[in-house]
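What follows is a short report on a single structure.
A note on names: the letters A, B, ... follow the listed sequences, proteins ahead of strands, and every chain is numbered from 1.
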Number of protein chains: 2
Amino acid sequence: MKFEKIPNISVDCVVFGYDTITKSLNVLVMKRYLESETGSEVLVDDYVLTGYHVYENETLDDSATRVLKELTGLTNQYKKQFKAFGDPDRLTNEKDLPWIKNEGFNLRTITIAYYFLLKTEEVDLKNSAHQKKWFPVKDLPELGFDHRHIILEAYEDLKIKCLAEPVIFELLPDKFTINEVQDLYQSILGIEFDNRNFRRKLINKKYIIAIDEKQVGVSKKPSQLYMFSKDIYKKIFQKNYLISI
Amino acid sequence: MKFEKIPNISVDCVVFGYDTITKSLNVLVMKRYLESETGSEVLVDDYVLTGYHVYENETLDDSATRVLKELTGLTNQYKKQFKAFGDPDRLTNEKDLPWIKNEGFNLRTITIAYYFLLKTEEVDLKNSAHQKKWFPVKDLPELGFDHRHIILEAYEDLKIKCLAEPVIFELLPDKFTINEVQDLYQSILGIEFDNRNFRRKLINKKYIIAIDEKQVGVSKKPSQLYMFSKDIYKKIFQKNYLISI
DNA sequence: ATTTATAAACGTCATATTTACGTTTATTTT
DNA sequence: AAAATAAACGTAAATATGACGTTTATAAAT
């Protein structure tokens, strides 16, 4: 394996996680901070996506997987390459220049952007060199480069994706309630569903399996817990070629 | 505008066209031919997608548009960036090596792949330096590099896209019959629809407009011609957040 | 122990959409 | 004028969706 970096090609990872408490779809970003040499002035103070150069002897997918692992320690998460970003001016905002000068970037770098879906509780933010933080996709902090743009495009892609494929379950704990699924759909899509209709629709799916277990520690009627069976989904799923234009 | 090529970044264009006569979804590819220096041996003889390096001061989209223009003379066609391809070995098949040696490629080139949808009759294959040819996506010739792979991924993306957006009309003449639309859907999706149901569904759309004109030169009852109004579509279209998992 | 509050869960009906067919119509060819 | 044929229209059952009202299980309060 050659570990030479390709100087002008990178991957960037938009990591989505869902907070069932605040019912917020979040993005994991990394603190970026730089002071002037004298330390008297803060040159850069914002957040960026995690990304890195692609190595000479590495596939793009492997590169993204590697970056995610360094960020979260996790492998085998849902991953999608959704778009390449390569505008000539994507790294040349005024506020990014000190950072670039410091890091020795190639100004014309094309980045292949991926998004990941994972269960928030699997990520340990403590044990890490970098300062990482979750932000609601609806309330992002100041972001460097074109990273806000990249996140928003990832989010648009996710919106479409979750209507056509059961990716929603990648963001939920293994055991979940119907209402949690509904809340998550609502967070992502920004619309509300009728709970009775939503519930009926989901429960009728063969791959949504009621388990012999109920929510604990709630001060009201505890919910029935369910699981998603990817195996059953794959078996019974048949593409409906419904033209919805 | 700097016309310096970025040596390791290219765009490749999958150009789709539809042949209403043969009812075939076709891809436009370019002949690739190379003889040994003595002329005694054919080193390369197959087809490739059209692509080119991205220029230093050019967006990826502009780069793709430029390549399409050089290939077809056309601008303003439907265009979608659908995936980046960057496996380390994507250009290093045995049969591609003589070509690469001849052209002076960078062996680790990442390509940003686009597909275009256009009306076959608008393309003039005659007046061009290169030898270009349409092939059915279901019956592709021998292709160089990873271009078969790229075409098949473009095709998969198109299949999904045409179910959700009215891109189908990019592939048809301005005036078309309902049956032509159905045939095209069937060619793309590889399934059959009931003509009576398909017809009703389409005719009920406000943006499918019957014009005061009928097919000519047919030896049976001539079909009613229709047009697609993108304006009306944009006005009345409302996203249905139908979860179909 | 009983009541109260509340979220979970079930039920019903009207409407819209899809699926699966049969029939009629307009045109060219014979 | 008849025959052939693709275009175009029609209908009924099944399924899915949307919009609501009601019941149930539990913890907390009385």
Given the ring of A:Tyr155, does A:Lys159 sit roughly above its face, with NZ or CZ under 6.0 Å from the centre of the six-membered ring and within 45° of the axis? yes
Go through the side-chain N and O atoms of B:Ser223 and B:Gln215 and say whether any donor and acceptor fall under 3.5 Å apart. yes
Please round to 10 degrees the angle between the axis of the first five pairs and the axis of the last five pairs in the helix from C:dA1-D:dT30 to C:dT30-D:dA1. 10°
Between B:Phe228 and B:Tyr207, is the gap from one ring center to the other below 6.0 Å? yes
Starting at atom CG of A:Leu202, determine the distance to atom P of D:dT17, rounded to an integer number of angstrom. 12 Å
Lys/Arg cation over aromatic A:Tyr47: A:Lys31, 6.0 Å, 45° cone: yes
Listed by chain and number, what are the salt bridge (charged side-chain N to carboxylate O under 4.0 Å, His left out) partners of A:Arg32, not counting sequence neighbours? A:Asp46, A:Asp96
Strictly under 6.0 Å, is that where the ring centroids of B:Phe16 and B:Tyr115 end up? yes
What's the CG-P distance between B:Leu242 and D:dA16, to the nearest Å? 11 Å
Nearest-angstrom distance from the residue atom CD1 of A:Ile243 to C1' of C:dT18: 12 Å
Tell me the interatomic distance from A:Ile191, atom CD1, to D:dA19, atom P, rounded to whole angstroms. 12 Å
Could you tell me if B:Lys239 sits above the aromatic ring of B:Tyr241, with its cationic atom closer than 6.0 Å to the ring centre and no more than 45 degrees from the axis? yes
Any salt bridge linking B:Glu170 with B:Lys230? Criterion: basic side-chain nitrogen under 4.0 Å from a carboxylate oxygen. yes
In the 5'-to-3' direction, what one-character label does each nucleotide of nucleotides 4-11 of chain D receive under the scheme B = base within less than 4.0 Å of a protein heavy atom, S = sugar-phosphate only, - = no such atom? -BBBSBBB
